[in-house]
Amino acid sequence: MRATDQARERACGARSAEGEGACGCRAPHGREAGFFYGEALGWLRRALAALVLAWALTTTLVPGSAFADDDENLVNPQQRPDSSFIYDTSIAALGNADAYYDNQTVQVVGEAIGDSIREGLDNRHRWITLAANEKDSTATVSVLMTVEQAAKIDTFGKYGTTGTKLQVRGTFHLVCTEHEGLTDLHADIVTVVDKGKHHEDEFDVNAFVPGAIATALGLALMGVFYYLRERQR
């Protein structure tokens, strides 16, 4: 160490109580030096605490996969939708379905009408026709289900009878390759929403009033015509 540096250090030690600048150097001395270093240490601690808090919030709110640079997670705009979602739709919508619904998992509610038709020779599956619930729609869909699922139907809809209302979840096929291009629904889960009902015809006298009036008017006109013809003789 040079002589001038040694002399400066001795001067700093001798005059530390006089404060900064008394020895000619720029370093703080005495109580001022302690206050300065204490403030610096406190600021450093606060900065480290803020960094730790920011890191904790980042790892909590943002999943780790968001930081992964993986080509397999890239979005392919040409990829067609898969059947991993359930689309709650209607039978009327399936009647006008396009390729978007093909091979999709859908869920519909409808009335069982017609009859239960055996599929194939193994007697393990049945074809059931479901009709739309909407009054202004005549859409139907053919549903392939197991014998056990079809046994839940207690009544098929027809004149004077409301069929069992079913909720069916399954895979919709716009052009089914297994059944000669038929548009159908392969059921996975079948649930009864409402049981079937029979409606007995009630005798309504008012329904005969228009007919009775028309008959009476016809007889009256016939009598008038007969009377006029007799007078002309």
What residues, two or more places apart in sequence or in another chain, satisfy side-chain contact (heavy atoms from CB on, under 4.5 Å) together with [X]?
X      : value
Asn96  : none
Val192 : Lys152, Thr164, Leu166
Thr215 : Leu219
Ile117 : Trp127

**Item:** Closest heavy-atom pair and its distance - Ala112, Ile128
**Value:** CB-CG2, 4.2 Å
**Request:** Please report the shortest heavy-atom distance between Thr89 and Tyr101, naming the atom on each side.
**Result:** OG1-OH, 3.9 Å
**Message:** Once ring pair (Phe, Tyr, Trp, His ring centres under 6.0 Å) is applied, do any residues pair with His173, and if so which ones, sequence neighbours excluded?
**Reply:** His186
Can you give the donor-acceptor pairs under 3.5 Å from side chains of residues 129-145 to other protein atoms, not counting sequence neighbours?
unit_1, atom_1, unit_2, atom_2, d
Asn133, ND2, Val109, O, 3.2
Ser137, OG, Ala139, N, 3.3

**Asked** How far apart are the C-alpha atoms of Asp102 and Val175, what are their side-chain angles, what is the distance that settles it, and do they pass the side-chain contact (heavy atoms from CB on, under 4.5 Å) test?
**Response** CA-CA 8 Å; Asp102 192 22; Val175 181; 5.9 Å; no
**Prompt:** Would Leu174 end up clustered with Tyr87 when hydrophobic side chains under 4.5 Å apart are linked, directly or stepwise?
**Reply:** yes
**Asked** Remaining members of Val52's ILVMFWY cluster at a side-chain heavy-atom cut-off under 4.5 Å?
**Response** none
**Request:** Output the rest of the hydrophobic cluster of Leu51: all Ile, Leu, Val, Met, Phe, Trp and Tyr residues reachable through side-chain heavy-atom contacts under 4.5 Å, sorted by chain and number.
**Result:** none
**Asked** Is a side-chain N or O of Gln149 found less than 3.5 angstrom from the main chain of His125, in a donor-acceptor match?
**Response** no
**Backbone of Gly163 reached by a side-chain donor or acceptor of Glu111 within 3.5 Å** = yes
**Asked** Can you name the side chain to side chain donor-acceptor pair (under 3.5 Å) partners of Asn123, sequence neighbours left out?
**Response** Arg126
